[in-house]
Chemist: 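Could you have a look at this structure, given as structure tokens, before my questions?
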Amino acid sequence: MSMFTIPKRSWPGFESWLSALLASVAVFELLALLAWRMEDGRVFDFTTAIITIPAGALLFVVTASFLWGVLTKTAFQDALGWSARLLPFFWAVPLIDLIRTFGSGIVIGPPQLSGVQVLQLIGTAGLLPVNSGISIGIRLGIFAGVLGIAVVTWAMTRSVWKTIVTGVVMSSVVIKSLLTLSLLAIWRMPFRADGWMALPFEVPRRAINEMSKGYWWDQLYQRFPTAIDGQAEIALRLVESATIVTALGLFLVAAYLVFQKARWSILHHVYRAWTTFDVGLYVGFGLIAVFSQGGLRPLGSGGSTCLLAGLLFLLLLIFLRFSMVLRRDLAQLEADERGQVNQPIVRGELSLESAKAYAKTGEWFALVAAWALGWPVFASVLVILACSYMTRHKFWSQQSHAVTIFRALGAGAIALLTVFVLSQDATVSELAIAVIIVAALHRFFIEWLWVPRLRKGVGSKG
């Protein structure tokens, strides 16, 4: 019998849990503003404050909860609630640096380490090498966090290998989140010895060379309006935020696949419908527009950061679709229950609380991912979510013509979203406008002609 158990009362509900977590992050950021400065003396930029640090905290909590759930057979929600309670302990990280500098704070910059030094950091949970460029407070915080989570695993399982796995995974996730600059220096050629033995001054040169070919470089100031300083520094911070958000999305997908019962049945319901095919069709319209327009570079031809952007874009679409279907099912739940519609909530495979939590998670992840991909992408996702909301609103849902218009606008926004991501530009070309119109007309055709016939023939199945 385990000497340590995670109490089931730890899970207060999704909204309360997220509010508590973000409150802890807000206090951390306030202390960090007092303790740390960038190399040019400025405080953190806007994207770091609202995306990178909160997403990093979520990644830490989700990773720890995932490991506890898998290795200790603890319910994932209980592990989430308990791990979120650990976050206030990390307020000590900026406090250590603030106190030891007598309140004046310290200047921090991106660590410039070779591949061997990165492995040393992971193996020692941030303690070595001493000249890593990471402040004492941050290194001690990483070590304490990794050690604490590993100790909890040991107390619950008394298993050496599970404890080691927990420590290595947590250390890898946290260290790699901090070392975007160093990872970019060896990302392109991970098996070449010179990347692993690179001198500190070689690391930023190789990283900039890699970023200059990628997604967060071209049209930077047009696509990211919060960018106010050097292009290399901005690109590095954006790649870091995108890396953390992508890792968070992958861990959330893994947590769903591991812990959600009837997961394949729910996924089949979400992605089997013709509307999922339509989403892919609108993405295809955008893809055709990008490849047809002269001078636009398709995503994927610009190196590893473009591949990262492509993966993040795919996750955005997956989470967006998942959220929209569950929102629709929740809005139509009473009618679906009366008609015994074959959908997961009616079948009892998905609880109301879980459906609401998944829907909110999908929406927030889509917005955060869109921000990391640029303000035109973010604006497009806002339009998609707004149109989806208005189709479910009681006032508009009773007016079929209005619902059709909103769905057509949403279809056009999906096509435009694709153009913005794949073209790596903020310009709306004539071809892009044509693609939007084609997507909208297709949606009009579906809503006015195909859907009424389908309902008359086989009835509405959601």
Chemist: Determine the minimum heavy-atom distance between Tyr282 and Ala411, stating which atoms define it.
Modeler: CE1-CB, 3.4 Å
Chemist: Distance alone, cut at 3.5 Å: any donor-acceptor contact between the side chains of Thr276 and Arg272?
Modeler: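 Absent: no donor and acceptor within the cut-off.
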Chemist: Short question: side chain of Arg139, backbone of Ile134 - any donor-acceptor pair under 3.5 Å?
Modeler: yes
Chemist: Flag the pair Trp17 / Val61 as yes when at least one side-chain heavy-atom distance between them is below 4.5 Å, and no otherwise.
Modeler: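 Sidechains of Val61 and Trp17: in contact.
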Chemist: Does atom CD of Gln219 have more than 12 heavy-atom neighbours, drawn from other residues, nucleotides or ligands, at distances under 6.0 Å?
Modeler: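 Buried by this count: over 12 neighbours within 6.0 Å.
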Chemist: How far does CG of Leu31 sit from CG of Leu95, to the nearest 0.5 angstrom?
Modeler: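 Those atoms lie 5.0 Å apart.
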Chemist: Any idea which heavy atoms bring Ala235 and Met211 closest together, and the distance?
Modeler: C-SD, 3.7 Å
Chemist: Do any N or O atoms from the side chain of Thr166 and from the backbone of Ala150 form a donor-acceptor pair under 3.5 angstrom?
Modeler: no
Chemist: Leu316 and Ala366: which non-hydrogen atoms are nearest, and at how many Å?
Modeler: CD1-O, 3.8 Å
Chemist: Could you tell me if the side chain of Glu29 sits less than 4.5 Å from the side chain of Pro54, heavy atoms only?
Modeler: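 A side-chain contact under 4.5 Å exists here.
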Chemist: If we ignore hydrogens and angles and just use 3.5 Å, is the side chain of Tyr215 paired with the main-chain N or O of Val239 as donor and acceptor?
Modeler: no
Chemist: Using a 3.5 Å distance criterion without hydrogens, assess whether the side chain of Ser171 forms a donor-acceptor pair with backbone atoms of Gly167.
Modeler: no
Chemist: Side chain of Arg263, backbone of Phe259: donor and acceptor closer than 3.5 Å?
Modeler: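 A pair under 3.5 Å: no.
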Chemist: If you look at every heavy atom in Leu248 and Ala55, which pair is closest and at what distance?
Modeler: CD2-O, 4.2 Å
Chemist: Using a distance-only test with no angle check, is there a side-chain donor-acceptor pair under 3.5 angstrom linking Glu240 and Thr52?
Modeler: no
Chemist: From Arg206 CZ over to Ile186 CD1, what is the distance, rounded to the nearest 0.5 angstrom?
Modeler: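 These two atoms lie 10.0 Å from each other.
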Chemist: Strictly distance-based, threshold 3.5 Å: is any side-chain N or O of Ser172 a donor or acceptor partner for the main-chain N or O of Val168?
Modeler: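 Such a contact is found between Ser172 side chain and Val168 backbone.
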Chemist: Is the side chain of Trp216 donor-acceptor paired with the backbone N or O of Ala372 at a distance under 3.5 Å, no angle test?
Modeler: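 Indeed, once roles are kept as given, a pair shorter than 3.5 Å links the two residues.
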Chemist: Testing the 3.5 Å rule here: is there a donor-acceptor pair between the side chains of Trp371 and Thr47?
Modeler: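 Yes, because at least one side-chain N or O of Trp371 sits under 3.5 Å from a partner of the opposite role on Thr47.
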Chemist: Between Leu307 and Leu311, is any pair of side-chain heavy atoms under 4.5 Å apart?
Modeler: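 No, their side chains stay 4.5 Å or more apart.
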Chemist: Between Ile384 and Met324, does a side chain to side chain contact (heavy atoms under 4.5 Å, CB included) hold up when you go through it step by step?
Modeler: CA-CA 10 Å; Ile384 295 169; Met324 291 170 65; 4.0 Å; yes
Chemist: Report the residues that fulfil salt bridge (charged side-chain N to carboxylate O under 4.0 Å, His left out) with Lys356, sequence neighbours left out, ordered by chain and then residue number.
Modeler: none
Chemist: Distance from Gln120 atom CD to Ser132 atom OG, nearest 0.5 Å?
Modeler: 10.0 Å
Chemist: Do Leu67 and Thr153 pass the side chain to side chain contact (heavy atoms under 4.5 Å, CB included) test, and can you show the C-alpha distance, the side-chain angles, and the key distance before you say yes or no?
Modeler: CA-CA 9 Å; Leu67 290 171; Thr153 302; 5.9 Å; no
Chemist: For Val25 versus Ala57, what's the shortest heavy-atom pair and its separation?
Modeler: CG2-CB, 3.5 Å
Chemist: Report yes or no: does Glu210 contribute a side-chain atom to a donor-acceptor pair with the main-chain N or O of Ser304 at less than 3.5 Å?
Modeler: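 Yes, the answer is positive, given that a donor and an acceptor are paired below the 3.5 Å cut-off.
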Chemist: So, do Tyr221 and Ile234 sit near enough that their side-chain heavy atoms are less than 4.5 Å apart?
Modeler: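 Tyr221 vs Ile234: side chains touch.
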Chemist: In this structure, are over 12 heavy atoms from other groups packed under 6.0 Å from Lys360 atom NZ?
Modeler: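 Counting other residues, nucleotides and ligands, NZ of Lys360 exceeds 12 neighbours.
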Chemist: So, taking the atom named CD1 in Ile149 and the one named OG1 in Thr163, what distance separates them when rounded to the nearest 0.5 Å?
Modeler: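 With rounding to 0.5 Å, CD1 (Ile149) is 12.5 Å from OG1 (Thr163).
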Chemist: Report the relative orientation of the aromatic rings in Tyr256 and Tyr358; use parallel for angles under 30°, tilted for 30 to 60°, perpendicular for over 60°.
Modeler: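 Tyr256 vs Tyr358 ring planes: perpendicular.
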Chemist: Would you say the side chain of Leu178 lies within less than 4.5 Å of the side chain of Ile138, judging by non-hydrogen atoms?
Modeler: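 Sidechains of Leu178 and Ile138: in contact.
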Chemist: Between the side chain of Ser104 and the main-chain N/O of Thr101, is any donor-acceptor distance below 3.5 Å?
Modeler: yes
Chemist: With side chains defined as the heavy atoms from C-beta onward, is the minimum distance between Asp425 and Asp218 less than 4.5 Å?
Modeler: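 Not touching, per the 4.5 Å side-chain cut-off.
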Chemist: When you measure from the side chain of Ser182 to the backbone of Leu113, do you find a donor-acceptor pair of N or O atoms at a distance under 3.5 Å?
Modeler: yes
Chemist: Do you know the tightest heavy-atom contact between Trp91 and Ser24?
Modeler: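 Where Trp91 meets Ser24 most closely, the heavy atoms are NE1-O, 3.0 Å.
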Chemist: With rounding to the nearest 0.5 Å, note down the distance linking CG in Asp78 to OG in Ser83.
Modeler: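 If I round to the nearest 0.5 Å, the distance is 10.5 Å.
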Chemist: Contact between Val258 and Val70 at the side-chain level, heavy atoms closer than 4.5 Å - yes or no?
Modeler: yes
Chemist: Evaluate the side chain to side chain donor-acceptor pair (under 3.5 Å) criterion for residues Arg237 and Ser241: first the C-alpha distance (whole Å), next the side-chain angles of each, then the deciding distance (0.1 Å), finally the verdict.
Modeler: CA-CA 6 Å; Arg237 293 197 297 267; Ser241 68; over 6 Å; no
Chemist: Are side-chain heavy atoms of Leu373 and Phe420 found at a separation under 4.5 Å?
Modeler: no
Chemist: With side chain to side chain contact (heavy atoms under 4.5 Å, CB included) as the test, would you mind laying out the steps for Val419 and Ile436 before giving the verdict?
Modeler: CA-CA 10 Å; Val419 171; Ile436 295 172; over 6 Å; no
Chemist: To the nearest 0.5 Å, tell me how far Leu416 CG sits from Leu409 CG.
Modeler: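 The distance works out to 11.5 Å.
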